Amino acid sequence: MNALVLRLICGLLFAGMVLGVATHPPKDLTQGLGMMLPATMLLGVALKGPKGRSTIPKKRTPPAPPVSGGTPGV
């Protein structure tokens with residue numbers, strides 16, 4: 001499935017869940033927490049896409065310098 005279509009569908013489902021919570025609030029805390037898990041999963045796919053890679057590139061850190069000293073292979 002095309003990643004853009006999947007992100008659009010997940011975004012619409014998340015918006016529907018938010019509207020559902022706004023019109024019919026949960027009765028207690030456990031029901032509200034149970035509704036948050038699928039909502040956060042849908043939001044994550046809608047924002048990052050199906051592969052989970054962020055659109056913002058991460059900075060690469062230079063490799064650590066080798067540690068000198070100590071005894072060579074014993």
Side-chain angles (χ1 to χ4, degrees):
M1 181 180 274
N2 190 0
L4 183 63
V5 173
L6 184 64
R7 290 175 75 174
L8 181 67
I9 290 171
C10 287
L12 289 173
L13 287 172
F14 176 76
M17 287 187 79
V18 169
L19 288 174
V21 169
T23 57
H24 302 287
K27 295 177 183 168
D28 56 4
L29 179 64
T30 57
Q31 185 180 10
L33 290 175
M35 294 169 70
M36 283 176 52
L37 178 65
T40 55
M41 293 170 61
L42 285 171
L43 184 62
V45 173
L47 293 177
K48 294 183 181 178
K51 300 280 186 185
R53 289 182 291 213
S54 176
T55 56
I56 302 170
K58 294 182 179 178
K59 293 182 181 178
R60 296 189 183 263
T61 58
V67 178
S68 61
T71 58
V74 174

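Numbering of residues begins at 1 and proceeds along the displayed sequence. Since the model is a prediction, treat every value here as computed from it, not as a measurement.
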Identify every side-chain donor-acceptor pair in residues 11-20 under 3.5 Å, counting partners at least two apart or on other chains, and give the distances.
none

Subject >> Those residues that, when tested against T30, pass side chain to side chain donor-acceptor pair (under 3.5 Å) (two or more places apart) >> reply: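 T30 satisfies side chain to side chain donor-acceptor pair (under 3.5 Å) with D28 once adjacent residues are dropped.
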Show which side-chain atoms of residues 31-44 pair as donor or acceptor with protein atoms under 3.5 Å away, not counting sequence neighbours.
from : atom 1 : to  : atom 2 : distance (Å)
Q31  : OE1    : K27 : N      : 3.0
T40  : OG1    : M36 : O      : 3.2
T40  : OG1    : L37 : O      : 2.8

